There are 2 protein chains.
Amino acid sequence: MRALAVEDDPRIAADLAAALDAAGFRTETCADGQEAWFLGDTEAYDLIVLDLGLPGMDGLSVLKRWRAAGCETPVLILTARGSWQERVEGIEAGADDYLPKPFRMEELVARARALVRRSAGRGGALQEAGPLTLDTNRMTVALRGVPVAVTAQEYRLLAYLVLHRDRVIAPTELLEHLYGDDDAREVNALEAVIARLRRKLGAGVIETRRGFGYALEGLTP
Amino acid sequence: MRALAVEDDPRIAADLAAALDAAGFRTETCADGQEAWFLGDTEAYDLIVLDLGLPGMDGLSVLKRWRAAGCETPVLILTARGSWQERVEGIEAGADDYLPKPFRMEELVARARALVRRSAGRGGALQEAGPLTLDTNRMTVALRGVPVAVTAQEYRLLAYLVLHRDRVIAPTELLEHLYGDDDAREVNALEAVIARLRRKLGAGVIETRRGFGYALEGLTP
DNA sequence: TGCGACCTGACAGCAAGCTGACAGCACCCG
DNA sequence: CGGGTGCTGTCAGCTTGCTGTCAGGTCGCA
């Protein structure tokens, strides 16, 4: 974890760095707004601690510029105690959290950890298997990068195959999964779906293992 | 956006609900820890405001149980002023933010909004998605820069779609978040709102993914 | 060659979704 | 208090296009 502490008071800056380092961060410090903006924009930090009172450029402006530039690093701002307008302003500008000064280092560390934990909890929605890419968020399918329109049923079938791309799936298993136990269908319904999919994806993508079931392209027999 | 306010003082609870409702939330209240735990565990909220001093079950225990049960709803806790141990404890227990009592309703609302945005991994108060711009402070909508007048319900629906713009949203999910569990509506109510929105925004902005749900104008067909 | 497993084009049924009309209701304003 | 106004859910009728079925074909294997 790499952190940036933007703080003009050298003593506080040192304390910040020490506390964050003790918490497992690799912390760099910076005392000037202009430089902070440059660093935040060019370097890849996991967390930025930003003091609002700064020489060079106002902390709030720095924050707004980062957000405007598409920087999504979690930012924790330090504000003067009691000025709730400033906090609200900071949050509106895109801060993820604030801490009123003076504060306990324990609290800073707790919040910093929580912030990083939270920002890390996304991604992984793209499932790839051979030439196929499934976006499980948008429910879309791409073949060699080219989007392919599929229906709900087709998507469900593909998703199941992709999820179990390392083995052969028996027709009965697919039937069980695609249709509830209460509205079971015949095998032919499945074959129809597969035929339609093959027409869209090309013949080779879904392979038939005669007598066993179906598998995605590239699985060795 | 659906919110739960857990607060035993009925006056404060009413104030909370009023402020959050004015900010575009559908707020339910609850005065008891046990009940709060049950609600948070079973219902789908976008935000929970939790007072730590509660009858029935201690607020911190409620929070811990939620987290232990895998509930990831952002939680904003209300603490007594000055007790920083309590705050740290709260954050360690999985709270996403805290507010010391007494507080300004403006600040609560600002933090609530920020929390909801952050939980979806997004920054500022201006939410952009394709041709749409939502100002979550003023609760206004613009299409390609041109302001569009929308009703409260329409705004809520759009806000939810914009917040989760990278996903397809199932009708049931929208129903859950637009209406409380106690005044549930039929799917058709939703379709009516969407039809009215499309008349204002044009046909392409809200896409229908037949069999899955709705999504904002995206890249893939 | 024969049999069973599997494929596929056509088609109809049907459910998902859309829309215009309407009525209940909350709210606003005189 | 009372009428007007605008929001919103319900209803009914409609469109759309997904999807299972069927019938007939092809393929692989013994």
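Here the structure is a predicted model, which is why all the values come from computation and not from measurement. All chains are named by letter (A, B, ...) in the order of the sequence lines, taking the proteins before the strands, and each is independently numbered beginning at 1.
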(request) Report the residue (A:A189 or B:V193) whose heavy-atom-nearest nucleotide on DNA chain D is the more 5′ of the two. (result)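 So the residue in question is B:V193.
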Nearest-nucleotide pick for [X], side chain only, options being [options]:
X      : options                : answer
A:T208 : D:dC7, C:dC6, C:dG17   : C:dC6
A:N188 : D:dC18, D:dG9, D:dA23  : D:dA23
B:R210 : D:dC27, D:dG17, D:dT19 : D:dG17

(message) What I'd like to find out is whether the side chain of A:I48 reaches to under 4.5 Å of the side chain of A:L76, using heavy atoms alone.
(response)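 Not in contact.
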Check the distance between [N]'s [atom2] and [X]'s [atom1] and give it to me in whole angstrom.
X      : N      : atom1 : atom2 : result
B:L175 : D:dT8  : CG    : P     : 15 Å
A:F212 : C:dA5  : CZ    : P     : 13 Å
B:L190 : C:dT19 : CG    : P     : 13 Å
B:E186 : C:dA16 : CD    : C1'   : 14 Å
A:Q153 : C:dA16 : CD    : C1'   : 14 Å
A:E154 : D:dG17 : CD    : P     : 14 Å
A:R209 : D:dC29 : CZ    : C1'   : 17 Å
A:L178 : D:dC18 : CG    : C1'   : 14 Å

(request) For the pair A:Y98 and B:R111, evaluate side chain to side chain donor-acceptor pair (under 3.5 Å) and give the outcome as yes or no after the intermediate values. (result) CA-CA 10 Å; A:Y98 70 74; B:R111 313 208 63 159; 2.3 Å; yes
(message) For a side chain to side chain donor-acceptor pair (under 3.5 Å) check, start with the C-alpha distance between A:T136 and B:R167, then their side-chain angles and the critical distance, and finish with the verdict.
(response) CA-CA 8 Å; A:T136 56; B:R167 268 191 316 121; over 6 Å; no
Going by distance alone, is a donor N or O of one side chain under 3.5 Å from an acceptor N or O of the other, for [X] and [Y]?
X      : Y      : value
B:Q153 : B:R196 : no
B:R209 : A:T151 : no
B:T140 : B:D135 : no

Classify the nucleic acid contact of [X] as base, sugar-phosphate or nothing, counting any heavy atom under 4.0 Å across all strands shown.
X      : answer
B:R185 : sugar-phosphate
B:Y155 : nothing
A:E191 : base

(message) So if I take residues 194-202 of chain B and measure heavy-atom distances to DNA chain C, which residues fall below 4.0 Å?
(response)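 Correct list: B:A195, B:R198, B:R199.
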(request) Taking only Lys NZ, Arg NE, NH1 and NH2, and the carboxylate oxygens of Asp or Glu, determine whether B:D51 and B:K101 approach each other closer than 4.0 Å. (result)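 Looking at B:D51 and B:K101, the cut-off is met.
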(message) Taking the basic N atoms (NZ, or NE/NH1/NH2) and the acidic carboxylate oxygens, is any pair closer than 4.0 Å for B:R67 and B:E72?
(response)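 Judged by the 4.0 Å cut-off on N to carboxylate O distance, B:R67 and B:E72 do not form a salt bridge.
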(request) Considering just the side-chain nitrogens and oxygens of A:Y214, establish if one lies under 4.0 Å of OP1 or OP2 belonging to C:dA5. (result)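 False: A:Y214 side-chain N/O out of range (4.0 Å or more) of C:dA5 OP1/OP2.
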(request) For D:dT8, take OP1 and OP2 only and decide whether either is under 4.0 Å from a side-chain N or O of B:Y179. (result)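 No, no such contact exists.
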(request) Have a look at B:R2 and tell me which of B:H177, B:E176, B:E28 forms a side-chain hydrogen bond (donor to acceptor under 3.5 Å, both in side chains) with it. (result)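 Exactly one candidate clears the test, B:E28.
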(request) First locate atom OG1 of B:T133, then atom CD of B:E128, and finally report the distance between them rounded to the nearest 0.5 Å. (result)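 Reported to 0.5 Å precision, the distance equals 4.5 Å.
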(request) Kindly calculate the angle separating the two end axes of the helix from C:dT1-D:dA30 to C:dG30-D:dC1, each obtained from five base pairs, and round it to 10 degrees. (result)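 For the helix from C:dT1-D:dA30 to C:dG30-D:dC1, the axes at opposite ends meet at about 30°.
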